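This report concerns only the one structure given below.
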Amino acid sequence: MWKSVCFLIVVCRLHAADPFAGFQSQGLVGVARIPAAAFDQRGPALDTLGGTFSGMTFDPATLRITDDPPRGPLLTGELFALPDRGFGDGMADFRPRRHALFFEFRPDAPAQDRVNLRLISTQLLRDAQGAHFTGSDADPAHPSYPLSFSAGRKIGDHTTPASLGAGRRSLDPEGLVLLRDGTFWIADEYGPLLHHFSRDGVLLETFTPPHAFLPRKGPSFGSRLNDFGASVLSAESGAPDSGRMDNRGFEGLAVTPDEKRLVAALQSPLVQDSGSAEQRAVAVCTRLVFFDLEAGSVTRGRVVQEYVYPLHRTTAPGQPQTVLNELLALNDRQFLAIERDGFGHGQDAAERDRIAPRFKRVMLVDIADATNLAGTGYDLEKDAPGQRSLPADGPPPEVVPAMTRSFIDLLDPAELGRFGLNARSHAESDENTLSEKWEGLALVPFRDPARPDDALLLVGNDNDFKARNVFHNGELIAAHSYALDTLLLVYRVTLPGWRSNLGR
């Protein structure tokens with residue numbers, strides 16, 4: 001009896017140990033910039049290169065570390081990057097694509113010259129029939145899949161222009177992971193869905209989340225249909241009554257190092273977890289969703305794990321809670337995430353342009369002790385028999401959320417100041433002010449024998465295609481009074497036990 005009691009006590013002590021012991025940021029070590037006026041690799045003066053780091057991932061197979069006398073060590077590799085649905089918030093026929101960039105880091109170079117980026121290629125994404133996807137808004141009339149509006153359709157008081165998608169598949173890409181075989185997965189915010197693409201950018205398969213996540217409209221359970229629209233044209237039919245909120249679907253995507261799980265991050269709480277209209281502004285229970293990716297598994301393509309991610313509240317007026325924007329797996333239970341507010345350079349709405357950002361952080365996440373909601377009433381459409389909703393102000397006592405802890409404060413003035421950057425409001429911004437949207441994370445193995453757990457953590461922004469002149473297919477299609485550059489922040493970090501895919 002005494003031995004059993006002692007064993008239980010030991011287990012409790014081990015379980016209570018700090019899961020983030022030894023995790024450390026050694027600070028901002030480099031910054032790279034892509035001018036807002038840059039073009040992508042489709043051809044000279046065709047398409048503006050924007051929204052570049054809505055999702056990103058580093059390919060460890062391309063990593064090279066060489067000595068380059070007299071300038072010291074040189075680390076290089078390829079970074080894949082993902083713009084979202086393009087300019088116009090779903091009101092243009094932007095063709096979703098994936099970029100490849102050459103990444104170069106010189107640790108011994110002067111601070112301002114350590115990081116360089118060079119665009120290598122631009123790959124347009126296509127469906128299985130070879131048709132390009134479109135970033136234009138999904139049509140509410142197609143409940144089975146996000147398909148764009150046909151040309152010239154009248155929706156309420158609006159008429160769709162002839163160039164708006166023409167019925168092709170709509171895609172709002174927000175998360176990106178690369179597998180060892182060279183294929184890749186993208187998280188689509190319209191669905192929310194997960195899409196698997198070949199090396200050549202052709203759609204291979206799609207994973208669909210549980211009914212609780214699908215945007216459905218209608219007065220009650222049994223009367224609702226899927227409505228994947230998420231822009232001004234879809235607003236004629238109203239916001240979803242169940243499922244993801246408009247423009248708040250799967251925003252981040254990670255793959256565990258063993259490639260057995262795809263993990264999608266929901267940007268904000270589901271409609272049914274947001275309470276009343278008054279509570280929605282402060283609802284905090286969003287979710288991490290684990291899809292089975294294992295070949296031959298009887299549950300492949302289904303959600304097998306699901307956890308509450310508790311968002312933080314801020315004192316900022318107009319947006320008192322944060323959003324979850326990116327996810328990166330360290331192992332099968334620990335992750336890095338971007339959690340942020342909606343302020344900074346580029347947030348030019350009159351009611352927000354004078355509010356300085358207050359919360360933009362890389363978070364540590366651990367789900368070891370969290371309650372698995374997969375297959376429970378929390379996965380059902382609102383008001384379905386047995387359905388359960390999470391309270392707006394936090395999970396109920398029986399639901400343990402993921403553990404989170406702040407790791408890197410992107411707004412740290414001392415860190416930013418060393419590279420001439422600042423974190424002012426949009427109204428007080430200049431070309432060195434951090435933008436509103438930070439949405440990309442990638443890890444680059446540092447391979448320092450003296451510090452084997454060290455890596456470079458890359459954090460990238462989405463500039464929302466806010467160049468002074470925005471081009472598409474060689475035509476000027478938009479203009480702004482300011483230019484918002486794409487930035488890449490590079491931190492050196494220590495992540496105990498991290499050996500992510502070093503053998504690629």
Side-chain angles (χ1 to χ4, degrees), residues 32-56 81-101 117-125 132-138 148-149 151 158 160-166 168 170-174 176 189-190 230-233 247 342 344-350 352-353 426-427 429-440 460-488:
R33 181 188 297 264
I34 301 174
F39 290 93
D40 68 19
Q41 288 293 304
R42 278 197 66 209
L46 281 180
D47 289 353
T48 295
L49 176 66
T52 310
F53 294 129
S54 289
M56 69 174 171
L82 194 70
D84 54 21
R85 60 181 173 171
F87 44 87
D89 292 332
M91 296 296 290
D93 181 26
F94 178 78
R95 295 181 178 182
R97 59 203 64 194
R98 184 181 70 152
H99 301 301
L101 300 102
L117 288 176
R118 175 170 52 85
L119 187 62
I120 302 171
S121 65
T122 296
Q123 177 188 67
L124 299 183
L125 304 177
H132 295 115
F133 284 83
T134 178
S136 62
D137 196 21
S148 60
F149 287 88
H158 302 281
T160 63
S163 63
L164 197 63
R168 287 181 286 111
S170 297
L171 178 63
D172 185 2
E174 294 286 358
L176 173 68
E189 192 163 22
Y190 277 134
S231 78
V232 66
L233 290 174
N247 297 318
H345 195 191
Q347 179 50 273
D348 53 6
R352 294 188 176 190
D353 66 352
H426 176 78
S429 65
D430 58 32
E431 63 180 4
N432 295 313
T433 301
L434 291 196
S435 68
E436 171 200 357
K437 298 181 179 181
W438 290 85
E439 300 188 355
N461 73 328
D462 166 13
N463 76 343
D464 267 347
F465 289 82
K466 288 180 177 175
R468 292 189 181 274
N469 294 299
V470 182
F471 290 86
H472 183 52
N473 289 329
E475 296 183 8
L476 179 65
I477 52 88
H480 298 91
S481 61
Y482 58 92
L484 187 60
D485 292 340
T486 294
L487 290 181
L488 186 73

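These figures come from a predicted structure and were not determined experimentally.
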Any side-chain to backbone donor/acceptor pair from [X] onto [Y]? Under 3.5 Å, distance only.
X	Y	result
Arg85	Ser136	no
Asn461	Leu487	yes
Lys466	Gly346	yes
Tyr190	Gly135	yes
Ser170	Ser148	yes
Asp137	Ala230	yes

> So, for His480 and Phe465, is the gap between ring centers shorter than 6.0 Å?
Replying inline: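 His480 vs Phe465: aromatic centres not under 6.0 Å.
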> Can you list the steps and then say if Phe39 with Leu49 is a side-chain contact (heavy atoms from CB on, under 4.5 Å)?
Replying inline: CA-CA 5 Å; Phe39 290 93; Leu49 176 66; 5.7 Å; no
In terms of side-chain heavy atoms, does [X] have a donor or acceptor partner in [Y] at a distance below 3.5 Å?
X	Y	answer
Ser435	Asn463	no
His426	Asp348	no
Asn473	Arg95	no
Arg97	Gln123	no

>> Does Glu439 form a side-chain contact (heavy atoms from CB on, under 4.5 Å) with Glu174? I'd like the steps, not just the answer.
In response: CA-CA 8 Å; Glu439 300 188 355; Glu174 294 286 358; 3.3 Å; yes
>> Checking Tyr482 against Glu431 for the side-chain contact (heavy atoms from CB on, under 4.5 Å) test, could you report, in this order, the C-alpha distance in whole Å, the side-chain angles of both residues, the deciding distance, and whether it holds?
In response: CA-CA 9 Å; Tyr482 58 92; Glu431 63 180 4; over 6 Å; no
Any side-chain heavy atom of [X] sitting closer than 4.5 Å to one from [Y]?
X	Y	value
Leu82	His99	no
Leu176	Arg98	yes
Thr134	Leu171	no
Phe87	Thr48	no

>> I need the single residue from His472, Arg168, His132 that forms a side-chain hydrogen bond (donor to acceptor under 3.5 Å, both in side chains) with Asp93. Which is it?
In response: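 Result: among His472, Arg168, His132, Arg168 is the only option passing the side-chain hydrogen bond (donor to acceptor under 3.5 Å, both in side chains) with Asp93.
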With rounding to the nearest 0.5 angstrom, report the [atom1] to [atom2] distance, [X] to [Y].
X	Y	atom1	atom2	value
Leu488	Met56	CG	CE	5.0 Å
Glu189	Ser54	CD	OG	9.5 Å
Gln347	Leu484	CD	CG	11.5 Å
Phe53	Leu117	CZ	CG	5.5 Å
Leu101	Gln41	CG	CD	9.0 Å
Asp47	Thr122	CG	OG1	8.5 Å

> Can you name the closest pair of heavy atoms from Ala467 and Val470 and give their distance?
Replying inline: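 Nearest heavy atoms, Ala467 then Val470: O-CG2, 3.9 Å.
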> What closest approach, in Å, do Asp462 and Gly51 show between heavy atoms, and which atom pair accounts for it?
Replying inline: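 Taking every non-hydrogen atom into account, OD1-CA, 3.1 Å.
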> Excluding sequence neighbours, so at least two apart, what forms side chain to side chain donor-acceptor pair (under 3.5 Å) with Arg468?
Replying inline: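 Side chain to side chain donor-acceptor pair (under 3.5 Å) check on Arg468 returns nothing, list empty.
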>> For a side-chain contact (heavy atoms from CB on, under 4.5 Å) check, start with the C-alpha distance between Asn432 and Arg33, then their side-chain angles and the critical distance, and finish with the verdict.
In response: CA-CA 10 Å; Asn432 295 313; Arg33 181 188 297 264; 2.6 Å; yes
